[in-house]
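Chain identifiers are assigned alphabetically (A, B, ...) following the order of the sequence lines, protein sequences preceding nucleic acid strands; residue numbering begins at 1 within each chain. Keep in mind that this is a model prediction, so the values were computed, not measured.
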Amino acid sequence: MEIDRSLFAEIIIPLALPKNYTWAIPEHYREVVQPGIRVEVMLGGRKKYAGIIKKIFAEKPEAFNPRDIINVLDQEPILHAEQLKFWEWMAGYYMCSEGEVMQAAVPANLKLSSESILIWNEERSINFSDLSDNEYIVAEALELKKELRISEVQNLLDVTHVYPVVKKLIEKEVCYVWEELKEKYTEKKQTYIELAPAYRNEDQLAELLNNWSKAPKQMELLLAFLHLLKTEGTVIQPELLKKAGASVAQLKGLIDKGILIAEKRSTDRIQLGDQNSNISFTLSPAQEKALAAVQQVFQTKQVCLLHGVTASGKTQVYTQLIQEQLDKGDQVLYMLPEIALTAQMIRRLQEYFGGQIAIYHSKFNANERVEIWNKVKTGEIKIVLGARSALFLPFKKLSLIIADEEHDNSYKQQDPAPRYHARDAAIYYGSLFQAKVLLGSATPSIESYYNCEQDKFGLVRLTERFGDAKLPRIELVDVKKYQQKVKIAFTEPLLEAIRLSLEQQKQVILFQNRRGYAPYQICNTCGWIPECQNCDVTLTYHKFKNKLTCHYCGTHYPVIHTCAACGSHDFTQKNFGTEQIEELLNEYFPDAKIARMDYDSVKGKNDHDALIKLFEQRRLDILVGTQMVVKGLDFEHVNLVGIIDADGILGFTDFRVNEKAFQLMEQVSGRAGRKDDLGRVLIQVSNALHPVLSFVQNHDYDALYRYEMINRKEFGYPPFTRIIQLIFKHKEKHIAEEAANIMMGGLSPHFPKDISGPAQPVIDRIRNQYLWELLIKLPKDMQRISQCKQMIMQQAAILHANKRYSAVRIIVNVDPL
DNA sequence: AGCACGCCGACT
DNA sequence: GTCGGCGTGCTC
């Protein structure tokens, strides 16, 4: 028998396949393949993908005949072994495929796209008599060039639909389709302008300038160049020409004279700039103590929670820790929730670390992301400041991960799989590198605090605000005292407080957690409330757009004037959104400069930064906003924060109400007051006895924690358990419900006490799909959890084998919080 | 994710 | 009679 020396590779391709597929490695690629290298593979009839080799083995699979790899795309792996391990863990833990993890992890440009190409069929006898005019044109071009892209065919023809023509040509065997995998990543080349070596010393340059006689325009240009060189370090052609208002010809004059040189080279889009500007700063004694305590914790524990009140200067502690890693030559990942990644924050860190820091989040363009990817891989980039997606960067020698604002829900990816929690995943990822993980928050999540109590994480507190600043005074205003029948937005005490602040030339932040103008409207005759057709959510009136909007799915509706239930035309608008609050403020304070910050008013990221800048520079007096005003912003001159409607915050339907309400109110109030002025926080509320309010008033996180622990124990929710949420989706309500309950039946013999059933309808219906939910609450027992996951997969397979339920989509969400 | 295969409504 | 809708299933 012939000895089979063939090799095979398990390859991850960016698809939601139930498992990884295997391809054969042809003889001539044997020497160059290794895990982490991308290869081009064929899947199905004509589709090609760039997949990543996970592992290489010699045993031929029995069940199928692997196809050959077509091509090897890299000379060296695009990631390290740690990342592949991390993907595997994530797929297992969050119950998704490794392909889905790859989708989330790898920048689009490292995944490849296929572009169809038409190839001239040499075998066909050249007889064009049976072709139409358009077909003839294309066929002729094909005969000449042998191949054409679809896009080129488009240019050739004067019709909008090229596909029918192409289809006919293929049928008539004039050509066939080939597909080319094309690397989308193109290096950006730019023309750099530099001084010619002869003029690089001061004397030579001075002499040149002093003896300048002709061409004043060129002189001007040269001076502009020197200025840019001094301020920016490097000079690129378009910037120089723009700044000097000069033409290419004038620049060419200087180059021809041998004074300047132009060089085209690929730029690094991320400006790594100069090293460490090292603005020195000193830690306060409290910060010093906290830093030492964190270091102490890291001696014995991998994870440390830094519980520091707002404006206690956690960032300075981080900075110090980051510096330590840099001194060791290691890398650091600093994660922030997307919303807190503001220009203000970035600027502050760049001041400390100069060009060594790279910013990374999903809104970056693809080329930039690839560059950062590569530089993190080689270790050239030491610090990455990024949102949750930065966790997937191919770090080489990571020694510290910071997850700031650890409690923030946006660390959890909800929609496309992998439904991962970046804070939790960071702890596993860190463990692969023996890296330490620092969680920071002024209002820690209950589960993290619980982990501290269980001695799993270390806990360090920072209870003093930086620079002697005091915590603001928090006052409750009982709205019931000030309003008659109709709900009002502003009580007299709040108006008075705003007036006072404006008189003192101070700034005011008003917080209202509802966008739009009026959150809902109600028919005065029968009480009918307009709702979204998809989501069963009340529609919010937006005055500016003059539309009703569903804040859940984003659908717009024309304004409704006629009641759908009784035909009455008499509607009342209830409650206040930020839009209306802003309008009311303009009436109350016509002279104040007022701005609104919410999802509708800040479209792009730049609008957001611009607004913050305006406020920072005190060009605005009052800022009205939703949650957006809360995150990671420090303003020097705010001495009043008003919470318009605390009832709205305390009345969420979520079981985490209290935790969320505390977080929101605590974070907003943190915006008030600085060293010279402790500031005021006014909370308008009708239920002034709500316990959370007293926790907020006393800034007493521990009291909230104890209160929540009792609540959670009653409901059997985390942190005592691991939760797996199963969502069943189907067009027909009862089929989704039945499927959910059958799953429950299948699971309950094995996990009798863990499942909360029967299935519950999920709050909303999205895109005509009905959603039913099952919750499984498991003790933190590794074996039991993996047993349960296996059982879920098994039951799902059984369910799908039944024709009736084969179209039920099952979404598995592990730790759905 | 594609894409082919396959089974029921409005048209040259 | 067909063209074409999108529901279901498979891809190493």
Side-chain angles (χ1 to χ4, degrees), chain A residues 4 6-26 29-30 33 35 37-73 87 91 96-117 132 150 161 163-168 170-171 176-182 184 415-419 728-732 735-736 739 767-770 793 796-811:
Chain A
D4 192 359
S6 50
L7 277 185
F8 303 91
E10 181 182 331
I11 291 165
I12 307 170
I13 49 176
L15 286 182
L17 297 170
K19 63 187 184 75
N20 294 328
Y21 283 1
T22 302
W23 275 264
I25 300 167
Y29 285 137
R30 219 159 275 180
V33 289
I37 278 196
R38 285 178 310 153
V39 290
E40 188 179 334
V41 292
M42 198 76 122
L43 181 68
R46 64 192 55 185
K47 224 64 228 164
K48 287 181 183 175
Y49 292 92
I52 293 179
I53 297 180
K54 188 183 170 186
K55 60 178 175 219
I56 296 168
F57 53 92
E59 309 81 63
K60 184 182 180 304
E62 279 175 26
F64 53 86
N65 233 345
R67 291 214 243 168
D68 277 358
I69 283 165
I70 332 176
N71 221 331
V72 175
L73 298 168
W87 292 10
C96 65
S97 72
E98 283 180 78
E100 285 169 311
V101 179
M102 179 178 170
Q103 287 275 38
V106 178
N109 284 0
L110 291 175
K111 298 173 236 166
L112 292 163
S113 69
S114 26
E115 193 179 297
S116 308
I117 288 194
S132 74
I150 301 273
H161 308 289
Y163 268 89
V165 180
V166 171
K167 207 177 140 195
K168 277 270 160 21
I170 294 164
E171 276 165 18
Y176 55 94
V177 176
W178 184 241
E179 279 178 326
E180 179 199 55
L181 276 175
K182 180 172 146 232
K184 270 202 231 148
D415 210 11
R419 299 178 172 78
F728 298 79
K729 278 197 198 180
H730 196 268
K731 279 195 301 193
E732 283 173 72
I735 292 192
R767 273 191 275 269
N768 286 326
Q769 299 260 314
Y770 280 88
M793 298 307 283
I798 294 172
L799 198 70
H800 282 148
N802 184 335
K803 259 252 172 320
R804 184 172 168 82
Y805 306 112
S806 62
V808 176
R809 284 251 180 294
I810 304 176
I811 293 173

Shorter than 3.5 Å, N or O on both sides, protein versus nucleotides 5-12 of chain C: list them out with atom names.
residue, atom, partner, partner atom, Å
C:dT11, O3', A:Gly44, N, 3.1
C:dC12, OP1, A:Gly44, N, 3.4
C:dC12, OP2, A:Arg67, NE, 2.8
C:dC12, OP2, A:Arg67, NH2, 2.7
C:dC12, O3', A:Thr22, O, 2.9
C:dC12, O3', A:Trp23, NE1, 3.4
C:dC12, O3', A:Arg67, N, 2.8
C:dC12, O2, A:Thr22, N, 2.9

Is there a side-chain contact between A:Leu799 and A:Phe728, using heavy atoms and a 4.5 Å cut-off?
yes

N/O (side chain, A:Lys47) to phosphate O (OP1/OP2, B:dC3) under 4.0 Å:
yes

Only counting residues at least two apart or in another chain, list the ones meeting side chain to side chain contact (heavy atoms under 4.5 Å, CB included) with A:Ile798.
A:Gln795

State whether the side chain of A:Arg67 and the backbone N or O of A:Gly44 hold a donor-acceptor pair below 3.5 Å, judged by distance alone.
yes

Would you give the length of the straight line joining atom CG of A:Leu110 to atom CG of A:Leu73, rounded to the nearest 0.5 angstrom?
10.5 Å

Can you measure from CD1 (A:Ile12) to NZ (A:Lys55) and round to the nearest 0.5 angstrom?
10.0 Å

Any A:Lys111 side-chain heavy atom under 4.5 Å of A:Gln103 side chain
yes

Validation row: A:Met102, A:Leu15 side chains within 4.5 angstrom (heavy atoms)
no

Can you check nucleotides 4-9 of chain B for protein contacts, nitrogen or oxygen pairs under 3.5 Å, and list what you find?
none

Would you find a donor on one side and an acceptor on the other, under 3.5 Å apart, between the side chain of A:Arg30 and the backbone of A:Pro26?
no

